[in-house]
There are 2 protein chains.
Amino acid sequence: MAVIDQEGAEKLTMRRLAHHLDTGPASLYVYVRNITELNALLIDRHLAGLDLRWDDPDESARQRVHRTLEDYAQLLASRPALAQAALITWPQGPHYLDLLELLLRALHDLGLDTPTAGRAVDLLLQVATASAAEQAAHASVNAQDLAELEATLGSADPERHPLLVEAGPSVFTGGSPAERNAWAVDVLINGLLRTHVAAAPLTDDTHDTDGTCSVGR
Amino acid sequence: MAVIDQEGAEKLTMRRLAHHLDTGPASLYVYVRNITELNALLIDRHLAGLDLRWDDPDESARQRVHRTLEDYAQLLASRPALAQAALITWPQGPHYLDLLELLLRALHDLGLDTPTAGRAVDLLLQVATASAAEQAAHASVNAQDLAELEATLGSADPERHPLLVEAGPSVFTGGSPAERNAWAVDVLINGLLRTHVAAAPLTDDTHDTDGTCSVGR
DNA sequence: ACCTGAACACCGTTCAAGT
DNA sequence: ACCTGAACACCGTTCAAGT
């Protein structure tokens, strides 16, 4: 398999890679079926740089999930094209399997049954990927459209959107991406501990299953 | 503002729209700054078709959140380009504000404070958007890469990835998108009810704040 | 002043023709 | 048999020239 530019924070295209390899773009299709597959392979390659072991007995399962997702999100956030690609395709390769296995183990340790843990891994990775994609996109546009968002929110009519006006734009924009991410992971874990996948998958009453513990409201 | 093809499930490009309007692509830049802005406006236009009121006293706040996000996800899932765009840009326009207001109100009713509700709206919409984007992408590729995912998972080494092998590929692929979505929303709501945004935003102990109620484990 | 044809600098993918 | 130059069918954006 060809050498791939590790550094380029720039978007990796078929043509750019081909140029880098001193050939025409057609040659790449010998190794790869389409650009999606190229990206999937590339993600796995970057994943190789992550620490996906879990030896430290002082680190709780919850902390391990946090650290893993933070690393993963950060990896994707610095490479806009990759984040974009990871949302659409399942990455493939050995390191991605390591990532899945690690998360599965941590969630198991937290007490989740296998079906719940499987879906949970999917959901956790989806959230991490989505926020990385958003972050990467905004970084490249120089955060100029953040002002635009605030303008839109500012145009809210107090009659029609009272809560929106009361809350103010900072509710949506406040906090660093990392902080927001960590909070989201906490929300997810706390929710997962109380929302199992229905045993009988065909009954459609999952909607109102409230979990085992009902406090607030 | 120009008339926009409502129907086209096809990707809306500057050039296609211009052709539809019998002009060159350059003309569009009088009304719109770039393609991102075009998509943001388009999303709002589609949002107009959604029911964003909340009159029915028989419908609980939880149910209303479910219905809203299901509608929103379905709207985006049928238009791949829109789902993709919604991940990267904040949509803009009056109907999007209606959507935010509705969710904010429902979450308030569920007992969330304003800062938590704000972040929660962001998170809920992100999850709905991300799964719609994934769904839309897979639908257009004819689900042929799902077989690829199962092949990757099948190649897992029982020594290195015991839990992955034990769980089997169905853990990640099982269930309809709608069902998976509904489950995700339940997880989020259950988690949100127990994970408030830290009052002092600078302390970094959000990680281990376990919520108010600890059952399981 | 307002609009836009044509050009610029790119894409991913295919396929016939070369070695 | 294997590889690839060149072509195909597109993109978003800009800008000089026309009305």
Quiz item: Starting at the 5' end of DNA chain D, which residue's closest nucleotide do you reach first, A:T23 or A:R15?
Solution: A:T23

Self-check item: Length of the CG-C1' vector between A:L17 and C:dC10, whole Å
Solution: 16 Å

Self-check item: Atom-to-atom span, CE of A:M14 to P of C:dA9 - whole angstrom
Solution: 24 Å

Quiz prompt | Pair assignment for C:dA17, Watson-Crick or G-U wobble, requiring both distances under 3.5 Å | solution = none

Self-check item: Length of the line joining A:I35:CD1 and C:dC11:P, which is rounded to integer Å
Solution: 10 Å

Self-check item: Protein-nucleotide distance (B:H19, atom NE2; D:dC10, atom P), rounded to Å
Solution: 11 Å

Self-check item: P gap between D:dC10 and C:dA9, integer Å
Solution: 22 Å

Quiz prompt | Rounded distance in Å - CZ (A:R33) to C1' (C:dT14) | solution = 16 Å

Quiz item: Side chain of A:A26: nearest nucleotide among C:dG12, C:dA6, C:dC15?
Solution: C:dC15

Practice problem: Specify the separation, in whole Å, of atom CD of A:Q84 and atom P of C:dC11. | Solution: 16 Å

Exercise. Could you tell me whether B:Q74 atom CD has more than 12 heavy atoms of other residues or ligands within 6.0 Å of it?
Key: no

Practice problem: Could you tell me which nucleotide pairs with C:dC8 by Watson-Crick or G-U wobble geometry, both distances under 3.5 Å, or answer none if nothing does? | Solution: D:dG12

Practice problem: Could you please name the option among D:dC3, C:dT13, C:dC3 that lies closest to any side-chain atom of A:V30? | Solution: D:dC3

Exercise. For A:N34 and C:dG12, give me the distance from atom CG to atom C1', rounded to whole Å.
Key: 9 Å

Quiz prompt | Partners passing ring-ring contact (aromatic ring centres under 6.0 Å, His included) against A:F172 (at least two apart in sequence or in another chain) | solution = B:W90

Exercise. Test A:L38 against every option in A:L28, A:V32, A:T13 by the side-chain contact (heavy atoms from CB on, under 4.5 Å) rule and name the one that passes.
Key: A:V32

Exercise. Using whole Å, report how far CZ of B:R16 lies from P of D:dC11.
Key: 5 Å

Quiz item: Are B:R64 and B:D109 within salt-bridge range, i.e. N to O under 4.0 Å?
Solution: no

Quiz item: So what's D:dC3 paired with, Watson-Crick or G-U wobble, going by both distances under 3.5 Å?
Solution: none

Quiz item: Which nucleotide in the list D:dG12, D:dT13, D:dG5 gets nearest to the side chain of B:T13?
Solution: D:dG12

Self-check item: Flag for A:T68-A:D71: side-chain donor and acceptor within less than 3.5 Å
Solution: no

